[in-house]
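Comments concern the structure below.
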Protein chains: 2
Amino acid sequence: MKKARRRAARRDEGLSRERIVDAAIELLDERGEDGLTFRALAARLATGPGAIYWHIASKSELLVAATDAVVSHAMAQIVSSSTPHKAIRSIALGVYAAIDARPWVGAQLSRAPWEAAMLQILERIGRQVQAFGVRGNAQFTSASALLSYIIGVSIQNAANGRMLDPPVARADFLRTVAARWRELDAREYPFIRNVVVARLPGHDDRSEFLAGIELILAGIATSVS
Amino acid sequence: MKKARRRAARRDEGLSRERIVDAAIELLDERGEDGLTFRALAARLATGPGAIYWHIASKSELLVAATDAVVSHAMAQIVSSSTPHKAIRSIALGVYAAIDARPWVGAQLSRAPWEAAMLQILERIGRQVQAFGVRGNAQFTSASALLSYIIGVSIQNAANGRMLDPPVARADFLRTVAARWRELDAREYPFIRNVVVARLPGHDDRSEFLAGIELILAGIATSVS
DNA sequence: ACCTGAACACCGTTCAAGT
DNA sequence: ACCTGAACACCGTTCAAGT
């Protein structure tokens, strides 16, 4: 009996779309967006780069599939809430957290916004907007505005602090930006210097995000009553 | 006297940061984001790719500079308005139009949101939020929410219809997406099927964008009064 | 000081050849 | 039917050599 030894790069079964997408997600999480190359992916799957093309047409299709898988999972995690107001908050925070943990998801959503991932988020928001009491055409408008805001802020939050050279902690980054903006011309940038610079270093992105959601919900409420 | 003939690739003066950035903007406008390569840029400037590195450190610095130039110009175009409400609408539409005309500006803003371009937009919005009567910490929150919404929607709008294969007109694209979404499972996607699919083909992105601005302003107004 | 362009170290994607 | 991996047509960036 031979010892079953070569476990490292062993491949129990053939490739499949699912195995490729899972490996791509791992690679994206470990090494970031630039870390996902067909060569690195092929190495992880113990095959050649060409094999992947039998199952996936292109890198962009791979990114769509990876993003869809992650968003599906995040949406499934969301627990039901007692009021539409709370439910919308939960959805917003779920998306925010998913993109915060995986910046590449945000980048991908802004690259291909008509794909399944976006659809799932819009569906959840839409139902709660209906439950909130919004009627007629305003349902579409309200849900779209919420979706845009949630995605927009989540992406910008995730982009902050990344791609800095060298990578730094969030607090240090905010201090650095605030210090740079403090040097701006006082006549040209009064709001930045007087308001933004003061609030930037101490502020919490997540609370600021939620405050914006409340603002939009307050606006929606004025049209419902 | 020799005839001054070879005008095509002539270079009157040496390179400069400004000339490089202008040429980069031309290239981005004509050939899209993928069209901007150091080789194509060097060819247009009648030099070699290495020469550009004497003036610009990297491609990402080049994109930051190009985006900054375009946003500065767009902000300078905005005429003053009679009320803060109208002024915010003008700023929003100015940003929306600039990104609609140049999708690469949107992509770049989401890639490097702490750069000068974003700063200029936030400054304009902030001043109008102050004029609107918002006080204290709410100034930062309100301005941030508006900025996020404006940038987020503009980027998503610009991304729609691009990168489709083949490129199609906006109306056709919406019909295609609506048709695809109509086939979704009725139990899983009731909101998409009943509300979104019906509104999608006929709707105007720009009005929908403005409706969202009104929603946020209505929310801000409830905290001012 | 500024420019040149070959060279380096990569990419995504294709495809003839294998099993 | 599925996989392999060399090859193709590119990239951004560097750098020795020029002016």
Residues Arg19(A) and Asp22(A) bridged, charged N to O under 4.0 Å: no
Salt bridge Arg111(B)-Glu33(B), side-chain N to carboxylate O under 4.0 Å: yes
Atom [atom1] of [X] to atom [atom2] of [N]: distance rounded to whole Å?
{"X": "Trp54(A)", "N": "dA1(D)", "atom1": "CH2", "atom2": "P", "answer": "7 Å"}
{"X": "Leu45(B)", "N": "dC3(C)", "atom1": "CG", "atom2": "P", "answer": "10 Å"}
{"X": "Leu15(B)", "N": "dG5(C)", "atom1": "CG", "atom2": "P", "answer": "12 Å"}

Nucleotide-level pairing of DNA chain C, given in dot-bracket where Watson-Crick and G-U pairs need both distances under 3.5 Å and | marks other strands: ||.|||||...|||||.||
Pairs touching residues 39-52 of chain A that satisfy salt bridge (charged side-chain N to carboxylate O under 4.0 Å, His left out), sequence neighbours left out: Glu26(A)-Arg44(A), Glu30(A)-Arg44(A)
Taking C-beta and beyond as the side chain, do [X] and [Y] meet within less than 4.5 Å on heavy atoms?
{"X": "Ile213(A)", "Y": "Leu93(A)", "result": "no"}
{"X": "Trp104(B)", "Y": "Val70(B)", "result": "yes"}
{"X": "Leu36(A)", "Y": "Leu63(A)", "result": "yes"}

Base versus backbone protein contacts along nucleotides 8-19 of chain C [heavy-atom cut-off under 4.0 Å; B, S, -]: ---BBBBB----
CD (Glu18(B)) with more than 12 external heavy atoms under 6.0 Å: no
